[in-house]
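See structure below.
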Amino acid sequence: QKEVEQNSGPLSVPEGAIASLNCTYSDRGSQSFFWYRQYSGKSPELIMSIYSNGDKEDGRFTAQLNKASQYVSLLIRDSQPSDSATYLCAVRFSGGYNKLIFGAGTRLAVHP
Amino acid sequence: DTGVSQDPRHKITKRGQNVTFRCDPISEHNRLYWYRQTLGQGPEFLTYFQNEAQLEKSRLLSDRFSAERPKGSFSTLEIQRTEQGDSAMYLCASSPGQNNEQFFGPGTRLTVL
């Protein structure tokens, strides 16, 4: 069973703080990892992709990947109330075509 | 707007009826995916097209579900004899293929009464 696990939250952080979202996956051979943001009632929006070990930064977002530990995380610096959403971790598992396996998401609440 | 589009955005139907949804991918994206999402869960893969070829179909997809992508452009997803358990958000995504970044449309919310 190929799985992607996330803490459902809610993760509550004050405005201006760093939000740290975590994700683990079951398939050691996975090569592609994605973070999506989903506002309530809307569709997922791609915010970060990462393919190799280490950090990848894009504005206030940093994705971190550790394939040995089968762990991927998303850091949001200077969190804003507009960042309040559900963050979905998605993994392209090895051995198949290009489907993504999603975690159930972590709900982030940024309070003023 | 050059993003993925889906039609209709909302569909209410009675149990036993057939429904069809349409997805128009981003221009020149040769890969198209259908997912289903229920409340509190992440999207769940249904099927995948590369150009007009349907290359993968979830084992969760019963024979009441069928999808097509004629000419490798838009795609349709049909659900026959709908059941209340089919109520969900049906999401379409497209990808250019190089890095598998998938971009989602706004979704079609289906309610089966």
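Bear in mind the structure is a predicted one, so any value in this text is a computation, not a measurement. Lettering of chains follows the sequences in order, A, B, ..., and the numbering in each one begins at 1.
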Run the side-chain contact (heavy atoms from CB on, under 4.5 Å) check on A:Ser79 and A:Ile18 step by step: do they pass? CA-CA 6 Å; A:Ser79 295; A:Ile18 296 175; 5.9 Å; no

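- Only the side chain of B:Gln37 has a heavy atom closer than 4.5 Å to any heavy atom of chain A.
- With a threshold of 4.5 angstrom between heavy atoms, A:Gln38 approaches chain B through side-chain atoms but not through N, CA, C or O.
- Criterion: ILVMFWY side-chain heavy atoms under 4.5 Å apart, direct or through other members. Under it, B:Phe74 and B:Val4 are not part of a common hydrophobic cluster.
- When the candidates A:Leu46, A:Val4, A:Ile101 are compared by the number of heavy-atom contacts under 4.5 Å with chain B, A:Leu46 comes out ahead.
- In this structure, A:Leu75 is not a member of the same hydrophobic cluster as A:Leu88, with clusters built from ILVMFWY side-chain heavy atoms closer than 4.5 Å.
- Heavy-atom pairs under 4.5 Å with chain B peak, among A:Ser43, A:Gly103, A:Ala90, A:Gly105, at A:Ser43.
- Between chain A and the options B:Pro106, B:Pro43, B:Gly107, the largest number of non-hydrogen pairs under 4.5 Å is found for B:Pro43.
- Of the two parts of B:Leu55, the backbone and the side chain both hold a non-hydrogen atom closer than 4.5 Å to a non-hydrogen atom of chain A.
- Taking the six-membered ring for Trp, A:Phe102 and B:Phe45 have ring centres at least 6.0 Å apart.
- Contact annotation: the side chain of B:Tyr33 never approaches that of A:Leu100 to less than 4.5 Å [non-hydrogen atoms, C-beta and beyond].
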